[in-house]
Visitor: 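Take this structure first; my questions come after.
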Protein chains: 2
Amino acid sequence: MKNRIIDTAEKRFSQYGFKRVTMDDIASDLGISKKTLYKHFKSKEDIAWAVKERMHRDIDKLLQRAKREIPDPILRFKKIIAEVTSRVSIIGSAFMTDIKKEIPDLWRQCEEFREREIYEYIGGILEEGVKKGKIRKDIDTKIAVMAYLGAIRMIIQPEILMKNQFSIEDAFNNILKIFLEGIQK
Amino acid sequence: MKNRIIDTAEKRFSQYGFKRVTMDDIASDLGISKKTLYKHFKSKEDIAWAVKERMHRDIDKLLQRAKREIPDPILRFKKIIAEVTSRVSIIGSAFMTDIKKEIPDLWRQCEEFREREIYEYIGGILEEGVKKGKIRKDIDTKIAVMAYLGAIRMIIQPEILMKNQFSIEDAFNNILKIFLEGIQK
DNA sequence: AACTAAAAAAACTGATTTAGTTTCCTTAGA
DNA sequence: TCTAAGGAAACTAAATCAGTTTTTTTAGTT
């Protein structure tokens, strides 16, 4: 149940931010009562922390495994991007601007994680690719990574997905295609 | 003064959404009092409408002019993208999810505008490019446009710009480069 | 220096929102 | 029939904030 609560909160927080999601929203999404919700988490802030912790743990695991198992930077990028991007919808979302004011400690940890695990790690892959001559020299890898994440973020909005005929897989594939063509030498 | 108020509101609304920006915020951003603010606009909702109207008017003008003056689709895309993207920060932002609930009429008009003026217009350019053999057939133009706007949106966040060493021009150029390489045949 | 008008600063109001709690009711299993 | 878990809904206390009113400051004018 704890995990189902975190699932729901993660989705809601990504789309609407921290403040605009109420405990009633989360409870009614799950079809449970607030009473039960408060049995599992002692406060709304607690849920936010749990969301952050699970997400960061998952992403960490993924990145470590990819590092071990996939030597080619382009292939590694492809693999990570496909799996990580569906989990980073919170990056640069209303959630971040909310918790900056609401739960500064949590905000700081999220920022550090983004900096270290996302930009540095993925940026590192791209730079490795540049060195190996597989990626163009004339692009800034940090900008590239952010641009890519921004593109994905725009697409995976429920709002956007709903009113368009394409599937999320189509969207991912298209963006990856454009992006890889754009950065490869 | 009215225009300065709209400037400020546009920026704030794009970053934080409609609800989380208070009239006090806007006033203090401008160094004026709420009294003066209410002299120019009778309500917060009024300001939101004014923001929408000016933005849509500006974008409309730009698109019409580009249509008349630039026949080549890739060049036209380049030109529009450069000028329009700094003004569409509201698309897909917290502002949209806010006003969907808060001012449904305004939301509907924004959605229609986005659909018609942004996706159809820019999507149209890309399809023209496909027909003329300048753009790859195997990408979905609608996804491409959204991906591009998402990339720009991510980059132009004040938060992000501030903590990185690159300028907004650098970012625009990099993204455009990646994107054009990615879509061109 | 005295007067005036505009607007800044700040206090106020009334309505709304919402986290967290409590109470009461339903259901299902023992 | 008893019990306990949890749903539904009411409640509380605090916070927020749009919009208004009052007071103070400022700057220009006579």
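Model, not experiment: these values are computed from the prediction. Basis for what follows: all heavy atoms, side chains included, without hydrogens, waters or symmetry-related copies.
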Visitor: In whole angstroms, how far is the P atom of C/dT16 from the NZ atom of B/K44?
Guide: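 Atom NZ in B/K44 sits about 15 Å away from atom P in C/dT16.
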
Visitor: Check whether the side chain of B/K34 and the base of D/dG19 form a donor-acceptor pair under 3.5 Å.
Guide: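 Flag set: donor-acceptor pair detected.
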
Visitor: A/I26 has an atom CD1; how far is it from atom P of C/dT18, in whole Å?
Guide: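 In whole Å, C/dT18 P lies 12 Å from A/I26 CD1.
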
Visitor: Could you state the CD-P distance from A/E102 to C/dT17, rounded to the nearest angstrom?
Guide: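 Nearest whole value for this atom pair: 17 Å.
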
Visitor: Once you apply the 3.5 Å cut-off to both distances, tell me the Watson-Crick or G-U wobble partner of C/dA6, or none.
Guide: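 Pairing partner, where one exists within any strand: D/dT25.
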
Visitor: Starting at the 5' end of DNA chain D, which residue's closest nucleotide do you reach first, B/K42 or A/G31?
Guide: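 Mapping each residue to its closest nucleotide by heavy atoms, the 5'-most match is A/G31.
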
Visitor: Let me know which of B/K35, B/K34, B/K44 forms a salt bridge (Lys or Arg N to Asp or Glu O under 4.0 Å) with B/D24.
Guide: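 Among B/K35, B/K34, B/K44, the one that satisfies the salt bridge (Lys or Arg N to Asp or Glu O under 4.0 Å) with B/D24 is B/K34.
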
Visitor: What's the closest nucleotide to the B/S43 side chain, out of D/dG19, C/dG20, D/dG7?
Guide: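 Comparing D/dG19, C/dG20, D/dG7 against the side chain of B/S43, the answer is D/dG19.
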
Visitor: Would you mind reading off the distance between A/R12 atom CZ and C/dT18 atom P, rounded to a whole angstrom?
Guide: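 Between P of C/dT18 and CZ of A/R12: 12 Å.
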
Visitor: Just to be sure I understand the rule, does B/K35 reach a base, reach only the sugar-phosphate, or reach nothing, if contact means heavy atoms closer than 4.0 Å?
Guide: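 Base contact - B/K35 has a heavy atom under 4.0 Å of at least one base atom.
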
Visitor: Any carboxylate oxygen within less than 4.0 angstrom of a Lys/Arg side-chain nitrogen, looking at A/R4 and A/D7?
Guide: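 Not counted as a salt bridge, because no side-chain N and carboxylate O are separated by less than 4.0 Å.
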
Visitor: Rounding to a whole Å, what distance do you find between B/K39:NZ and D/dG19:C1'?
Guide: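 Result: 15 Å.
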
Visitor: How long is the line joining OH of B/Y38 and C1' of D/dT20, in whole Å?
Guide: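 Going from B/Y38 (OH) to D/dT20 (C1'), I get 9 Å.
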
Visitor: Please determine whether a side-chain nitrogen of the Lys or Arg among B/K134 and B/E128 lies less than 4.0 Å from a carboxylate oxygen of the Asp or Glu.
Guide: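 A salt bridge is absent here (no side-chain N lies under 4.0 Å from a carboxylate O).
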
Visitor: For A/F18 and B/S33, find the nucleotide of DNA chain C closest to each by heavy atoms; which residue's nucleotide sits nearer the 5' end?
Guide: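 The residue mapped nearer the 5' terminus is B/S33.
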
Visitor: Nearest whole angstrom, please: distance from the P of C/dG20 to the CG of A/L37.
Guide: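 Result: 10 Å.
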
Visitor: Between CZ of B/F172 and NZ of B/K177, what distance do you get to the nearest 0.5 Å?
Guide: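 Those atoms lie 15.0 Å apart.
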
Visitor: Is the closest basic N to carboxylate O distance between A/K100 and A/E111 below 4.0 Å?
Guide: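 A salt bridge is absent here (no side-chain N lies under 4.0 Å from a carboxylate O).
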
Visitor: Could you work out which one of C/dA8, C/dA19, D/dG19 sits closest to the side chain of A/T22?
Guide: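 Within the option list, the nearest is C/dA19.
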
Visitor: Rounded to the nearest angstrom, tell me the gap between atom CD1 in A/I32 and atom P in D/dA5.
Guide: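 After rounding, the gap between these two atoms is 16 Å.
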
Visitor: For B/T36 and C/dA8, is the shortest distance between a side-chain N/O and OP1 or OP2 below 4.0 Å?
Guide: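 Yes, such a contact exists.
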
